[in-house]
Amino acid sequence: MSYFALIPAAGSGSRIGAASPKQYLPLLGKPMLHHSIGCVARAPIETVFVVLAPGDAAFAQHDWSAFGGKVEPLYCGGGTRRDSVLNGLVAAMDVVDADDWVLVHDAARPCLPHADLERLIDEVSVDEVGGLLALAVAETVKRVALGVDAAVADEVRVECTEDRSRLWLAQTPQMFRAGLLAQALRDARGVVTDEASAVEMLGLHPRIVRGSRRNLKVTFPEDMAIAESMLGQE
Ligand code: C5P
């Protein structure tokens with residue numbers, strides 16, 4: 001049984017409002033993707049598969065030699081994150097066995113602490129289902145009316161307040177056995193924004209492993225400065 005990482009990096013990153021895709025924006029002089037790969041390209045991970053859009057011309061222009069041949073680009077990204085991960089898994093099945101563990105990590109999480117990765121691998125390696133890093137919700141959470149896109153609406157009003165004691169924010173990496181994950185993603189219906197939700201649709205309950213706030217998902221323009229300052233402290 002081996003460990004592999006898979007990073008879907010075929011998104012356009014439109015919410016960050018930059019001209020080039022988010023994964024190639026520079027952080028401390030290197031593309032964000034370089035840092036995200038570096039977070040997972042450590043023992044015991046054998047290969048880091050990076051799933052790129054079929055027409056991606058940027059990846060080949062950067063230097064990935066720091067990872068000593070551990071990085072394998074796969075030009076098979078799809079229209080959604082789910083499609084990109086599933087296409088990547090199918091392409092990787094030449095070398096990945098159904099029982100091997102796959103850690104799916106976002107290109108947009110360049111600050112994953114090594115201690116979080118170690119905790120995930122330690123706790124999930126002995127789990128029947130698999131699991132993910134997640135963070136207990138600290139803020140009070142409001143639900144707004146259905147159909148309102150809070151990111152663009154002029155006026156947004158609260159419908160109700162959620163019970164935050166039962167809410168966790170899903171992070172990555174999310175770690176599942178390759179065979180189970182491929183089946184879950186193939187069978188998934190509706191909107192699937194992470195791997196765990198596809199596994200949940202099989203009636204299974206992924207294990208939550210405590211993550212940390214440092215594992216920020218770079219999404220909005222102001223996140224770039226926060227990520228850069230955290231990387232600078234390492
Ligand atoms: O859009 P979001 O920020 O949630 O994307 C999370 C991850 O999924 C990013 O690493 C992004 O590049 C990737 N993605 C992808 N293919 C898509 C959409 C997103 O690989 N079609």
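Atoms within a ligand are numbered from 1 in the order they appear, just like the ligands themselves.
The contact set between ligand 1 and Lys22, taken as ligand atoms under 4.0 Å from a residue heavy atom, comprises 3 (O). Annotation for ligand 1: atoms under 4.0 Å from non-hydrogen atoms of Ala107 are 10 (O).
At a cut-off of 3.5 Å, with distance as the only test, a side-chain donor of Thr80 or Asp83 sits close to an acceptor on the other residue.
Test Glu200, Glu128, Glu123 against Arg207 for salt bridge (charged side-chain N to carboxylate O under 4.0 Å, His left out) and you get one pass: Glu123.
Val85 is listed as a side-chain neighbour of Glu195, based on a closest heavy-atom distance under 4.5 Å.
The shortest N/O to N/O separation between Val51 and ligand 1 does not fall below 3.5 Å. Ligand 1 has no N or O atom lying under 3.5 Å from any N or O atom of Asp106, backbone or side chain.
Residue-level proximity to ligand 1 for Ser84 is carried by the side chain, the only part with a heavy atom below 4.0 angstrom.
The residues Lys70 and Glu46 are annotated as not salt-bridged, no charged nitrogen and carboxylate oxygen being separated by less than 4.0 angstrom.
For atom 21 (N) of ligand 1, the nearest non-hydrogen atom from the set Gly78, Ala53, Gly88 belongs to Gly78.
Atom CD of Gln233 has more than 12 heavy atoms from other residues, nucleotides or ligands within 6.0 Å. Annotation for His62: atom NE2 counts as buried by contact number, over 12 foreign heavy atoms lying within 6.0 Å.
Proximity of Gly79 to ligand 1 is established by a heavy-atom distance of less than 4.0 Å. Within the 4.0 Å heavy-atom shell around ligand 1 one finds Lys217.
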